[in-house]
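Because the structure is predicted, anything quoted here is derived from the model rather than measured. Lettering follows sequence order; numbering is per chain, from 1.
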Amino acid sequence: MLPLELIRRDPERVRRAAELKGEPAPVDEILKLDEGWRAQLHKAETIKAEQNRLSKEFAKTRDESLKEKLRQMSDEAKIALEMADSVKHELDQLLLQVPNLFDESVPIGESEADNVVAREWGNKPEFGFTPQTHYDLGEALGIMDFERAARVTGSRFAFLLGDGARLERALVQFMLDVHTHEHGYTEVWAPMLVNSASMVGTANLPKFADMAFKVEDKDLWLIPTVEVPVTNFHRDEILEGDRLPMKYVAYAPSWRTEAGAAGKDTRGFIRMHQFSKVELVKVTTAETSMEEFEKLVADAEVILQRLGLSYHVLSMCTGDMGFAQYKKYDLEAWSPGVDRYLEVSSCSVFNDFQAMRANIRYRPAKGAPPKFAHTINGSGLALPRTIDAIMETYQRSDGLISVPEVLKPYMGGIELIGAR
RNA sequence: GGGGAGGUGGCUGAGUGGCCGAAAGCACCCGCCUGCUAAGCGGGUAGGGGGUGUAAAGCUCCCUCGGAGGUUCGAAUCCUCUCCUCCCCGCCA
């Protein structure tokens, strides 16, 4: 969330950011409630101060005549504080609904059509035949099964089998190895259910409740991304400034309801209710966050480069970047079978937006007052579409799939996927 | 799942109704001392919010001892609920 103080001081800036993001922002209501809250709080605290003073006097003098008056003041103070609290509560709820500001470098725009290609890498592969889609290849080779998944669970789930399942496992291992050994991230194995406070911390609540699966009768949610438990790992903590940036990499499944995506990407291994993801998370300072963000994006790109996949980096425009993000890049891998780019990573910097919600702070120096941290995260990478891009890029005319060089050690040395 | 013990500042830990936002120790910071280091001596160091300051500082008030309620003029301390941790028993991959 944004600091109340910022909204007081510069409401116009907040309004403008919200407008360009296409998000509603209850700035006027907030300003009004803020004024009311402060007036009521002042009133309540005045009564409370007097009550505290007289109560101390009573402790000394034991003057019984004070007692009845104190009893009354106690009630008055309680009511006044309750009134202030209820306004503050309302105010806090509204604050959670205000979208983040955005960086100067973010392109202004309304939809995905306005996103800007920041850079491209690799050449789109040429085939002497018409390339097949990953789902045709996968079903023909018996390594992907959507039909049985629909029977066992429902739509937007998949079984991977044989070399397909192994490819998924190999990719996870490969990505984790690169990020831990070469990029200096600490591997994390995280809970896959989190409580509501954590969901609020990363801004998945209250706004995006319908995107996540909720456990019945419990205050637990299936993680829509492992970013949620990993970022909340430091919730309500004050970190030592010299330990920053904290760098984590976590592998976990993500669960999403995909509400609002009806009819979109219904074919293939693209938009699943459950998908694996290797996620990068950083907690850092205001001074270094933009630089650390660019480095994180580069760390994710390394995976695509090593896999030999052609991709481009999109700088997301204001209207397409989302509620909580301060700046965001999407990495999209070229998938010749479906003949389009598939999003395999989304990398965002949040400034202190999440940290304020999750109360993650750090002490810049010994004895200095704590400041809110900056949080960053990005996929490095999401599995299904990476698998799609590999299958489609490395397919052969006979319908078998070559194993990318870097994955061979992770695939037991096999050269071809689907060979029997 | 049953029984028991606990949750206090960066950490350890004392505190059973007002003198407590909190002893003591550790850690850390500033100063003194010392040829250097260690030791020693003196001082300082929780978080959040409101008001007042152009800002910072300062001053001042309010809140916070896992969380939410309650009793009381007054709660870290008493009561209820709840979450978490530890120990014993049972069950289980």
Contact residues, residues 55-65 of chain A to RNA chain B [heavy atom, < 4.0 Å]
A:S55, A:F58, A:A59, A:R62
Return the CG to CD distance between A:N359 and A:E237, rounded to the nearest 0.5 Å.
10.0 Å
Could you tell me whether the side chain of A:V116 reaches within less than 4.5 Å of the side chain of A:L314, counting heavy atoms only?
no
Which residue pairs satisfy the ring-ring contact (aromatic ring centres under 6.0 Å, His included) criterion with at least one member in residues 343-381 of chain A, sequence neighbours excluded?
A:F323-A:F353
Between N or O atoms, less than 3.5 Å apart, protein on one side and nucleotides 43-47 of chain B on the other: list the pairs.
{"residue": "B:G47", "atom": "OP1", "partner": "A:R363", "partner atom": "NH1", "Å": "3.4"}
{"residue": "B:G47", "atom": "O3'", "partner": "A:R361", "partner atom": "NH1", "Å": "2.8"}

Holding to side chain to side chain donor-acceptor pair (under 3.5 Å), I want the full list of residues that pass it with A:R71, two or more places apart in sequence or in another chain.
A:E68
Using the C1' atom on both, measure B:C26 against B:A14 and round to a whole Å.
15 Å
Between B:G2 and B:U8, how many Å separate the two C1' atoms, rounded to a whole number?
30 Å
Are A:K48 and A:Q51 packed together at the side-chain level, in the sense that at least one heavy-atom pair is separated by less than 4.5 angstrom?
yes
Remember a base hit wins even if backbone is also touched, and classify A:Q51 as base, sugar-phosphate or nothing at under 4.0 Å, heavy atoms.
sugar-phosphate
Please state the C1' separation for the pair B:A22 and B:U16 - nearest whole angstrom.
15 Å
For A:F157, enumerate each residue passing the ring pair (Phe, Tyr, Trp, His ring centres under 6.0 Å) test, keeping only those at least two apart in sequence or located in another chain.
A:H273
Which residues share a side chain to side chain donor-acceptor pair (under 3.5 Å) with A:E64, sequence neighbours left out
none
Who pairs with A:E104 by side chain to side chain donor-acceptor pair (under 3.5 Å), at least two apart in sequence or on another chain?
none
Pair A:D388-A:Y135, side-chain donor/acceptor within less than 3.5 Å:
no
Contacts satisfying ring-ring contact (aromatic ring centres under 6.0 Å, His included) that involve residues 233-253 of chain A (not counting sequence neighbours) are A:F233-A:Y248, A:H234-A:Y248
Could you tell me whether A:R243 contacts a base, only the sugar-phosphate backbone, or nothing, with contacts defined as non-hydrogen atoms closer than 4.0 Å?
nothing
Please identify each residue that fulfils side chain to side chain donor-acceptor pair (under 3.5 Å) with A:D28, with sequence neighbours left out.
A:R15
Using a cut-off of 4.0 Å on non-hydrogen atoms, how would the nucleic acid contact of A:K78 be classed: base, sugar-phosphate, or nothing?
sugar-phosphate
Please confirm whether the shortest side-chain N or O distance from A:R8 to OP1 or OP2 of B:G50 is below 4.0 Å.
yes
Given the P atoms of B:G48 and B:C65, what is the spacing between them in whole Å?
16 Å
Could you go step by step and tell me if A:L193 and A:I223 meet the side-chain contact (heavy atoms from CB on, under 4.5 Å) rule?
CA-CA 6 Å; A:L193 293 168; A:I223 54 172; over 6 Å; no
Taking OP1 and OP2 of B:U72, is either one under 4.0 Å from a side-chain nitrogen or oxygen of A:R71?
no
Distances under 3.5 Å between protein N/O atoms and the N/O atoms of nucleotides 60-65 of chain B, please, pair by pair.
{"residue": "B:C62", "atom": "OP1", "partner": "A:N52", "partner atom": "ND2", "Å": "3.0"}

Identify each atom pair where a protein N or O and an N or O of nucleotides 79-83 of chain B are less than 3.5 Å apart, giving names and distance.
none

By ring pair (Phe, Tyr, Trp, His ring centres under 6.0 Å) - contacts of A:F269 (at least two apart)
none
